[in-house]
Novice: 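Below: one structure in structure tokens.
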2 protein chains.
Amino acid sequence: MAVFKEKNIRKTAFRQKVLDVFYNNENAVTIAQIESSLGSHDRITLYRTIRTFIDAGVIHEIVMPGDLKKLALCNDCLNKHDDEHHHTHHHKHVHFHCEMCDEIICVDNDLPHINLAGYRVDYIEVQAHGVCPRCI
Amino acid sequence: MAVFKEKNIRKTAFRQKVLDVFYNNENAVTIAQIESSLGSHDRITLYRTIRTFIDAGVIHEIVMPGDLKKLALCNDCLNKHDDEHHHTHHHKHVHFHCEMCDEIICVDNDLPHINLAGYRVDYIEVQAHGVCPRCI
DNA sequence: TTCTTTTCTGCAACAGTGTTGCATAAGTAT
DNA sequence: ATACTTATGCAACACTGTTGCAGAAAAGAA
């Protein structure tokens, strides 16, 4: 859990508590989920913490149509091994949205290559919708 | 432009003006763009019109990380021909975001098939980021 | 056309989400 | 321990989107 040192951001009690929420949840979480996990806290500080975490590459934002926004740990904060491209944050996973339980799951899976004539494609994001293993 | 009849929603002067904004723009537009195109207008009515258009399958919403939200005409409102699956709205195109001009372009392109073991995938969305032909 | 019904519009008020400025508190390096 | 830097918590605010309701407009029928 030396995330703070690795990412070169200050370790504070508040940030540790927020980070723990991510470690305690298997899948992506909403800000509302974080808030209820934290108990009494300052909203503004939370928003700033989230921004700090995103900028540092600790977490990433997942948005879906219909104002569904969640946050999830970046891969290199889960498995501490591949610390190579932690600045070029192009996640090698699919964001899966389960229509049943409404969870968003980062599924490790190689992304397909998309060739668009005339375009320079730097990276792609894939969002899949359906039913997760637990709900099938 | 018999969109109103096709989609079974009432034709009003306001809705026609909003629809024209979409027809006058090649790519996806933000709500702010619509508002400035309209001139003086009622914000609430605009939001309700957008909701009506989305529900009727006239336009679709495109969201990208970083609070970037845009709206675009659905395919079957552009080319009037294929009126088949206008209820199952799984757009057969990639949403391309140009990092230079910040435009979002719906690129006609078959979506790849994604196989996720254990998951039932109903449909996927693909967002590509890079540089569009005009900015290359 | 004119009437009737249904839906839309525009206003007011409000709810949710996220930001900025600033003084104080806490973290980090020497 | 000290000095320096950054984070926190508060207040106030900005932006985005929603709800309720009365009056206006659209669509269908007589």
Side-chain angles (χ1 to χ4, degrees), chain A residues 1-22 28-72 77 102 104, chain B residues 1-22 28-72 77 102 104:
Chain A
M1 293 236 189
V3 170
F4 297 106
K5 196 165 287 180
E6 279 174 25
K7 301 298 186 181
N8 204 35
I9 54 174
R10 285 195 180 178
K11 177 179 178 170
T12 69
F14 187 85
R15 287 176 179 177
Q16 187 64 63
K17 278 197 287 184
V18 175
L19 189 60
D20 286 344
V21 177
F22 286 97
V29 296
T30 61
I31 292 182
Q33 279 178 277
I34 300 173
E35 298 211 72
S36 68
S37 295
L38 286 179
S40 173
H41 69 282
D42 182 63
R43 278 176 57 252
I44 294 94
T45 303
L46 176 57
Y47 278 109
R48 281 194 275 226
T49 298
I50 290 169
R51 177 110 319 273
T52 301
F53 281 2
I54 292 176
D55 290 346
V58 177
I59 61 175
H60 63 282
E61 191 186 7
I62 306 165
V63 288
M64 300 263 174
D67 294 308
L68 179 56
K69 177 185 285 193
K70 297 211 183 188
L71 301 161
C77 290
D102 215 41
I104 290 180
Chain B
M1 292 238 188
V3 169
F4 297 107
K5 196 165 287 179
E6 279 173 25
K7 301 298 185 180
N8 204 36
I9 54 174
R10 285 199 181 175
K11 176 178 177 171
T12 69
F14 187 85
R15 287 175 177 177
Q16 187 64 62
K17 278 197 286 182
V18 174
L19 189 60
D20 286 343
V21 176
F22 286 97
V29 296
T30 61
I31 293 183
Q33 279 178 276
I34 300 173
E35 300 211 70
S36 67
S37 294
L38 286 179
S40 175
H41 68 282
D42 182 62
R43 278 176 58 252
I44 294 95
T45 304
L46 176 56
Y47 278 108
R48 280 193 276 225
T49 299
I50 290 170
R51 176 109 320 274
T52 301
F53 280 2
I54 291 176
D55 291 346
V58 177
I59 62 176
H60 63 283
E61 191 186 10
I62 306 165
V63 288
M64 300 264 173
D67 294 308
L68 179 56
K69 177 184 285 193
K70 297 211 183 188
L71 301 162
C77 289
D102 215 41
I104 290 179

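All chains are named by letter (A, B, ...) in the order of the sequence lines, taking the proteins before the strands, and each is independently numbered beginning at 1.
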Novice: Pick the closest DNA chain D nucleotide for Arg48(B) and for Arg48(A) by heavy atoms, then say which residue is nearer the 5' end.
Specialist: Arg48(A)
Novice: Quick one: list whatever passes side-chain contact (heavy atoms from CB on, under 4.5 Å) with Lys17(A), sequence neighbours left out.
Specialist: Leu38(A)
Novice: Has Glu61(A) got a side-chain atom pairing as donor or acceptor with Lys69(A)'s backbone, closer than 3.5 angstrom?
Specialist: no
Novice: Could I get the full list of side-chain hydrogen bond (donor to acceptor under 3.5 Å, both in side chains) partners for Asn8(A), not counting sequence neighbours?
Specialist: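 Partners of Asn8(A) under the side-chain hydrogen bond (donor to acceptor under 3.5 Å, both in side chains) test: none.
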Novice: What residues form a salt bridge (charged side-chain N to carboxylate O under 4.0 Å, His left out) with Lys70(B), not counting sequence neighbours?
Specialist: none
Novice: For Lys69(A), answer base if it contacts any base atom (sugar-phosphate contacts may also be present), sugar-phosphate if it contacts only those atoms, and nothing otherwise; contact means non-hydrogen atoms under 4.0 Å.
Specialist: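 If one applies the 4.0 Å heavy-atom cut-off, Lys69(A) turns out to touch the sugar-phosphate alone, with no base involved.
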Novice: On a heavy-atom basis, which atom in Arg10(A) and which in Phe4(A) lie closest, and how many Å separate them?
Specialist: O-CD2, 3.7 Å
Novice: Which donor-acceptor pairs under 3.5 Å do the side chains of residues 29-37 of chain A make with protein atoms, sequence neighbours left out?
Specialist:
residue  : atom : partner  : partner atom : Å
Thr30(A) : OG1  : Gln33(A) : N            : 3.0
Thr30(A) : OG1  : Gln33(A) : OE1          : 3.4
Gln33(A) : OE1  : Thr30(A) : N            : 2.9
Glu35(A) : OE1  : His41(A) : NE2          : 2.7
Ser36(A) : OG   : Gln33(A) : O            : 3.2
Ser37(A) : OG   : Gln33(A) : O            : 3.0

Novice: Can you list everything that forms a side-chain contact (heavy atoms from CB on, under 4.5 Å) with Thr45(B)? Sequence neighbours excluded, please.
Specialist: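 Per chain and number, Thr45(B) pairs via side-chain contact (heavy atoms from CB on, under 4.5 Å) with Phe14(B), Asp42(B), Thr49(B).
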Novice: From the options Leu68(A), Ile104(A), Leu71(A), select the one residue that forms a side-chain contact (heavy atoms from CB on, under 4.5 Å) with Ile62(A).
Specialist: Ile104(A)
Novice: Would you compute the distance between atom CD of Gln16(B) and atom CG of Asp20(B) and round it to the nearest 0.5 angstrom?
Specialist: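 The CD atom of Gln16(B) sits 5.0 Å away from the CG atom of Asp20(B).
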Novice: Please report, rounded to the nearest Å, how far the C1' atom of dA7(D) is from the CG atom of Asp55(A).
Specialist: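 Result: 15 Å.
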Novice: Which heavy atom of Ile9(B) sits nearest to which heavy atom of Ala56(B), and what is that distance?
Specialist: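 The pair with the smallest heavy-atom distance is CG2-CB, 4.0 Å.
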Novice: Both Arg51(B) and Arg15(A) contact DNA chain D. Which one's nearest nucleotide lies toward the 5' end?
Specialist: Arg15(A)
Novice: Would you jot down, in residue-number order, the residues of residues 36-46 of chain A having a non-hydrogen atom under 4.0 Å from DNA chain C?
Specialist: Arg43(A), Ile44(A)
Novice: State the OG1-NZ distance between Thr52(A) and Lys7(A), to the nearest 0.5 angstrom.
Specialist: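 Separation between the atoms: 13.5 Å.
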Novice: List the atom of Val18(A), the atom of Phe53(A), and the distance in Å for their closest heavy-atom pair.
Specialist: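 Reported closest heavy-atom pair: CG1-CE2, 3.9 Å.
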Novice: Please give, in whole Å, the distance from dA7(D) P to Phe4(A) CZ?
Specialist: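 Nearest whole value for this atom pair: 11 Å.
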Novice: Provide the start and end nucleotides, 5' to 3', of the part of DNA chain C that has atoms under 4.0 Å from heavy atoms of chain B.
Specialist: dT6(C) to dA12(C)
Novice: Whole-Å distance between dT16(D) C1' and Tyr47(A) OH?
Specialist: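 Interatomic distance, OH of Tyr47(A) to C1' of dT16(D): 12 Å.
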Novice: Can you check each nucleotide of nucleotides 22-30 of chain D against protein heavy atoms at under 4.0 Å and return B for base, S for sugar-phosphate only, - for none, in 5' to 3' order?
Specialist: ---BBS---
Novice: Test of understanding: with salt bridge (charged side-chain N to carboxylate O under 4.0 Å, His left out), list the residues that count as partners of Asp55(B), not counting sequence neighbours.
Specialist: Arg51(B)
Novice: Enter the inter-axis angle for the ends of the helix from dT1(C)-dA30(D) to dT30(C)-dA1(D) (five pairs per end, rounded to 10°).
Specialist: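 What I find for the helix from dT1(C)-dA30(D) to dT30(C)-dA1(D) is an axis angle of 40°.
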Novice: In whole angstroms, how far is the C1' atom of dT8(D) from the CZ atom of Phe53(A)?
Specialist: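 Phe53(A) atom CZ is separated from dT8(D) atom C1' by 14 Å.
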